[in-house]
Chemist: 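The structure's right below; bear with me while I get my questions together.
Sequence lines set the chain letters: A, B, ... in the order given, protein chains first and strands last, and positions in each chain run from 1.
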Number of protein chains: 2
Amino acid sequence: MTPSCEMLKEHDLRSTPGRQAILSLFLRKKHALSHGDIERWLDPQYDRVTVYRTLRTFLKRGIIHKVLDDEGDLKYALCSEACSSSHHHHDHVHFKCRKCGETSCLEVEIPAVKLPRGYLVSERNLLIQGVCRKCT
Amino acid sequence: MTPSCEMLKEHDLRSTPGRQAILSLFLRKKHALSHGDIERWLDPQYDRVTVYRTLRTFLKRGIIHKVLDDEGDLKYALCSEACSSSHHHHDHVHFKCRKCGETSCLEVEIPAVKLPRGYLVSERNLLIQGVCRKCT
DNA sequence: CTGTGTGCAAACACTTTGCAGGTGT
DNA sequence: ACACCTGCAAAGTGTTTGCACACAG
């Protein structure tokens with residue numbers, strides 16, 4: 001049984017060829033993938049609509065999460081353990097490289113930020129842009 | 001001469017009724033506006049296409065900047081002095097309220113974040129979500 | 001007067017929905 | 001066997017483009 005197949009069952013999802021293909025793409029690439037990336041790398045036998053539906057399903061089951069860059073381009077990335085359902089943590093840090101264009105999750109803490117009185121914080125999302133290790 | 005008219009001239013833009021109307025919307029509301037917000041509050045005499053083009057122009061001239069929330073919804077907000085052309089600064093903090101849905105710019109500093117070796121940082125964008133002062 | 005802005009229509013890209021048939025368990 | 005996935009076609013939504021006319025400077 002392949003890793004992607006196992007993951008699907010863990011999340012109570014039927015293991016179909018399409019889902020396995022998309023999931024193993026995420027496992028193979030380490031950075032966030034856009035819908036376009038997925039279509040480009042996926043066997044073209046799969047319908048665009050299936051990709052949309054699969055991503056939505058994965059999103060609902062907490063297998064992946066949305067990653068947005070400064071231009072509003074939407075990508076998706078695998079959720080880490082820390083990110084998954086029960087003890088969901090509420091800080092996300094993403095790094096987008098100006099050279100290779102790849103966006104990936106960073107496992108770092110966001111220091112406390114001083115806000116004016118009266119603001120309640122429930123979630124923080126930090127997007128850092130620059131040049132990644134590979135491209136330096 | 002109205003404030004919005006002056007601002008347009010400062011940015012070398014012709015002062016037309018449509019531009020003034022949109023710009024004064026930004027001056028009146030203090031939070032970020034989506035395209036939809038603008039259409040809703042603008043005199044309906046203005047064409048949707050004009051709004052698109054006007055926003056793009058304002059963006060290019062540095063009158064407004066993009067504001068994105070966690071869902072990828074795009075809004076626009078006036079640039080502060082600090083944000084404008086010459087000594088552009090490279091940190092942005094936005095706060096989105098879960099109750100009223102409004103997003104606004106905060107003038108706070110982002111503390112340094114520790115990154116792994118080899119990463120070069122050029123810009124940081126922090127989105128904080130929670131409940132704003134008005135809604136507490 | 002000249003170059004730029006605007007409105008309208010149409011093109012375009014992206015995403016969702018309905019339905020019939022196929023597939024995993 | 002049944003519920004759920006998938007592909008296809010079509011509808012829906014948001015954004016851009018081409019062109020003729022209007023307007024600011």
Chemist: By the salt bridge (charged side-chain N to carboxylate O under 4.0 Å, His left out) test, which pairs, at least two apart or in different chains, include something from residues 127-136 of chain A?
Modeler: A/Glu102-A/Lys134
Chemist: Starting at atom OH of B/Tyr46, determine the distance to atom C1' of C/dC8, rounded to an integer number of angstrom.
Modeler: 17 Å
Chemist: For a quick check of understanding: with a heavy-atom distance under 4.0 Å over all strands, which category does B/Arg19 fall into, base, sugar-phosphate or nothing?
Modeler: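 Counting heavy atoms under 4.0 Å across all strands, the contact made by B/Arg19 is with sugar-phosphate only.
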Chemist: Do any pairs count as a salt bridge (charged side-chain N to carboxylate O under 4.0 Å, His left out) and have a residue in residues 46-58 of chain B, sequence neighbours left out, and if so which ones?
Modeler: B/Glu39-B/Arg48
Chemist: At under 4.0 Å between heavy atoms, what does A/Glu39 touch on the DNA or RNA strands: base, sugar-phosphate, or nothing?
Modeler: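 The answer is nothing, as A/Glu39 stays clear of every strand by at least 4.0 Å.
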Chemist: With B/His35, which residues qualify under ring pair (Phe, Tyr, Trp, His ring centres under 6.0 Å), at least two apart?
Modeler: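 Here the qualifying residues are B/Tyr52.
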Chemist: Would A/His94 and A/His31 count as a close aromatic pair, with their ring centres under 6.0 Å?
Modeler: no
Chemist: With sequence neighbours excluded, what pairs up with B/Lys96 under the salt bridge (charged side-chain N to carboxylate O under 4.0 Å, His left out) test?
Modeler: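 With sequence neighbours excluded, B/Lys96 shows a salt bridge (charged side-chain N to carboxylate O under 4.0 Å, His left out) to B/Asp69, B/Asp70, given in chain and number order.
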Chemist: Can you name the residues that form a side chain to side chain contact (heavy atoms under 4.5 Å, CB included) with A/Ile63, not counting sequence neighbours?
Modeler: A/Met7, A/His11, A/Leu13, A/Leu23, A/Phe58, A/Arg61, A/Leu78
Chemist: Go along nucleotides 11-16 of chain C 5' to 3' and tag each nucleotide: B for a protein heavy atom under 4.0 Å from its base, S when only backbone or sugar atoms are that close, - otherwise.
Modeler: ---SBB
Chemist: Can you name the side chain to side chain contact (heavy atoms under 4.5 Å, CB included) partners of A/Leu74, sequence neighbours left out?
Modeler: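 Testing A/Leu74 for side chain to side chain contact (heavy atoms under 4.5 Å, CB included), a comparison that skips the adjacent residues, returns A/Lys66, A/Leu68, A/Tyr76.
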Chemist: Listing request: all salt bridge (charged side-chain N to carboxylate O under 4.0 Å, His left out) pairs with a residue in residues 9-34 of chain A, at least two apart in sequence or in separate chains.
Modeler: none
Chemist: If you find the nucleotide of DNA chain C closest to A/Arg53 and the one closest to B/Arg53, which residue's nucleotide is nearer the 5' end?
Modeler: B/Arg53
Chemist: Taking only N/O atoms, report every protein-nucleotides 20-25 of chain C pair under 3.5 Å with atom names and distance.
Modeler:
unit_1, atom_1, unit_2, atom_2, d
C/dT25, OP1, A/Ser15, N, 3.2

Chemist: Walk along DNA chain D from 5' to 3' and tell me the first and last nucleotide with an atom closer than 4.0 Å to a non-hydrogen atom of chain A.
Modeler: D/dA3 to D/dA9
Chemist: Does any pair with a residue in residues 119-130 of chain A pass salt bridge (charged side-chain N to carboxylate O under 4.0 Å, His left out), and if so which ones, sequence neighbours excluded?
Modeler: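 Sorted result for residues 119-130 of chain A: A/Asp91-A/Arg124, A/Glu123-B/Arg98.
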Chemist: Among all residues two or more places apart in sequence or in another chain, which pass the side chain to side chain contact (heavy atoms under 4.5 Å, CB included) test with A/Pro17?
Modeler: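 With neighbours one apart ignored, the set is A/Tyr46.
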